[in-house]
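Numbered from 1 within each chain, the chains take letters A, B, ... in sequence-line order. The structure presented is a predicted model; accordingly, all values stated were derived computationally and were not measured.
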There are 2 protein chains.
Amino acid sequence: MDISEINDAAPTSVEEFRERLTEVIDDLPRRLRQCAEYIAANTDRIAVSTVAELAAGADVPPSALMRFCQILGFSGFSEMQRLFRGAYAPGWPDYATRLTNLKQGGAGSPSALLGEFIEAGRASLEALASSVDEASLHQAVEILAKAETIHVVGLRRAFPVACYLAYVFEKMSVPAMLHDGVGKLDHRFALRPGDALLAITFAPYSEETIALAQDAHDRRLPVVALTDRVSGPLAKSAQSVLTVPEVDFGAFRSLSATIAMAITLAVAVGSARG
Amino acid sequence: MDISEINDAAPTSVEEFRERLTEVIDDLPRRLRQCAEYIAANTDRIAVSTVAELAAGADVPPSALMRFCQILGFSGFSEMQRLFRGAYAPGWPDYATRLTNLKQGGAGSPSALLGEFIEAGRASLEALASSVDEASLHQAVEILAKAETIHVVGLRRAFPVACYLAYVFEKMSVPAMLHDGVGKLDHRFALRPGDALLAITFAPYSEETIALAQDAHDRRLPVVALTDRVSGPLAKSAQSVLTVPEVDFGAFRSLSATIAMAITLAVAVGSARG
DNA sequence: AAATTTTTAGAATTTTTATTCCATTTTTCG
DNA sequence: CGAAAAATGGAATAAAAATTCTAAAAATTT
């Protein structure tokens, strides 16, 4: 490795670190690449490991890891570790303590339940952050932004989400219609050419929602699905399928991730329409 | 400190550690208590700090911290740290990075929005964990568990929550009635002696909800409020006020914390009724 | 294929960090 | 109040970890 390739400015944030890593990883000699690959896959352990431990994990001698740190711009391992030890200040401080206390209230107690549901919600949100398909999201926004009237359908457990969407669309002056199934009336003929359908359903999937989506699809209207599996029953009628990984506790789901996704859709569509 | 009080079995999990900590914290001499308090408030930093750093933070000499570790049952600081370094497997290897990536999609892009809403949701849940008033929660569950029929009211942005509650009550075979304001009908006379009202509203508070709560209160029916401030307009009509600290992004709220609280109520009430 | 450069491994060294020990202070109890 | 016990601070020591250095091995170039 040529000395001129060494960017001597050390990364000052975890993101910069990752950028730098992807930047150099391809033209690194064998041992150093081993380091880079192991580190890329175990970035989170830098803060709590020693050189020897990481080196053992990467299956290289400690000195190789030292050289690796220096190539990344750090003076040595300690400096690199300092970055990660500093950056590590996540939600823990009070939260974890309280959560433990809540759960200690005894199994079945309201506090313990609350602790569980909070955790389920948080896990769902985190999973959503790491699993979202940006392309589908983008496509969904485009479809809905182009539509004249947006029809929203979601029943049973998905109904709250549909309601919230209807509320936000209203607030943003987006023409939207909520299909709520009141009086078992279905308003399928309210879908006019130029409209789009946003269908929300989770296992066990609601018949009416699937039927409405199918109907819209048959009439060549674009359908966006918000559901739990790419291959669910909405897959064949929808142009764009958004999946949310919702973590259940007991028989109930938190809806956190679903609502985050829903509100994002609504706001993005609202602003795209100007 | 008497030697016999020293439980020489070192904690083997973070939970055990916390239990042990609360167990001993009260009968500890001054310096050691300082350690205990600092450690309790900064548990998350044990994995990434040195004795000297923690001691400085707690404002005690390093040797005090060492004695503290030993009182907890560890052979020394290193052994204690090992516990936390092992347990340290937080959500951020993937989550935090992804979140940053999402936000980098550019201000106003769907991904960036999603990132913001995810964060707002997470923050809300964490705040809920540390702010919940267990006594009120317990009281609320008791009130609702004793009621014959539970009436649920929540309009506008609170409507999704009310719907979800109605759904969960239904699933748990709890007699509940959702006051949805369809057709501007109010069903205030559906509230019978022995019933209870669960009223949900957030600023700007919905007139109808406040009025119904007031009405119920006037007729001596118990009211549980789910709202955003203890001193909100429901304060005087409600027996039990549950507050949820919801973090907004832009003009929109995540509802995560509210839903977590709602579902907890519903499930706790459902099981209390057996 | 020889010469040059780069890369590597591991031992030696330096630095940092943890731990112990004991003289001194504070607290407790008769 | 005074003696005994417990707690404390800090210096001394031991252990662990980081870092450097060099001879040998690979890789590259001519």
Q: Using atom CZ of R82(A) as one end and atom C1' of dT19(D) as the other, report the distance to the nearest whole Å.
A: 14 Å

**Q.** Side chain of P62(B) (C-beta onward), nearest among dT8(D), dT19(C), dT8(C)
**A.** dT19(C)

Q: Calculate the interatomic distance between E79(B) atom CD and dT20(C) atom P; express it in whole Å.
A: 11 Å

(Q) Please evaluate residues N42(B) and L54(B) with respect to the criterion side chain to side chain contact (heavy atoms under 4.5 Å, CB included), reporting the C-alpha separation (whole Å), side-chain torsions for both, the decisive distance (0.1 Å), and the verdict. (A) CA-CA 9 Å; N42(B) 298 75; L54(B) 290 174; 5.5 Å; no

(Q) Measure CD/Q34(B) against P/dG9(D) and give the value in whole Å, please. (A) 8 Å

Q: Scan R30(B) against the nucleic acid and name what it touches under 4.0 Å (heavy atoms): base, sugar-phosphate only, or nothing.
A: sugar-phosphate

Q: Evaluate the ring planes of F17(B) and F84(B), with Trp represented by its six-membered ring, and classify them as parallel (under 30°), tilted (30 to 60°) or perpendicular (over 60°).
A: perpendicular

(Q) For a quick test of reading the model: is some side-chain N or O of S78(B) closer than 4.0 Å to OP1 or OP2 of dA16(D)? (A) no

**Q.** Spacing of L28(B) atom CG relative to dT27(C) atom C1', expressed in whole Å
**A.** 15 Å

Q: Using heavy atoms to find the nearest nucleotide of DNA chain D for E53(A) and P61(B) separately, return the residue whose nucleotide is more 5′.
A: P61(B)

Q: Check whether the side chains of R31(B) and Q34(B) place a donor and an acceptor atom closer than 3.5 Å, and report yes or no.
A: yes

Q. The side chain of L32(B) lies closest to which of these nucleotides: dT8(D), dT8(C), dA18(C)?
A. dT8(D)

**Q.** Gap between atoms CG and C1', on L65(A) and dG10(C) respectively (whole Å)
**A.** 15 Å

**Q.** Atom pair distance, as rounded to whole Å: CZ in R33(B) and P in dA7(D)
**A.** 12 Å

**Q.** Per P29(A) side chain, nearest of listed nucleotides dT7(C), dG9(D), dA17(D)
**A.** dT7(C)

Q: Quickly work out the F77(A) CZ to dT15(C) C1' distance and round it to whole Å.
A: 15 Å

Q: Write down the distance between CZ (R85(B)) and P (dT17(C)), rounded to a whole number of angstrom.
A: 11 Å

**Q.** Side-chain ion pair, E119(A) and R122(A), N-O less than 4.0 Å
**A.** no

**Q.** Along DNA chain C (nearest heavy atom to each residue), the more 5'-positioned of Q81(B) and R67(B)
**A.** Q81(B)

**Q.** Sugar-phosphate only, base, or nothing, as touched by S63(B) at under 4.0 Å among non-hydrogen atoms
**A.** base

Q. Do the non-hydrogen side-chain atoms of R253(B) and D228(B) ever get within less than 4.5 Å of each other?
A. yes

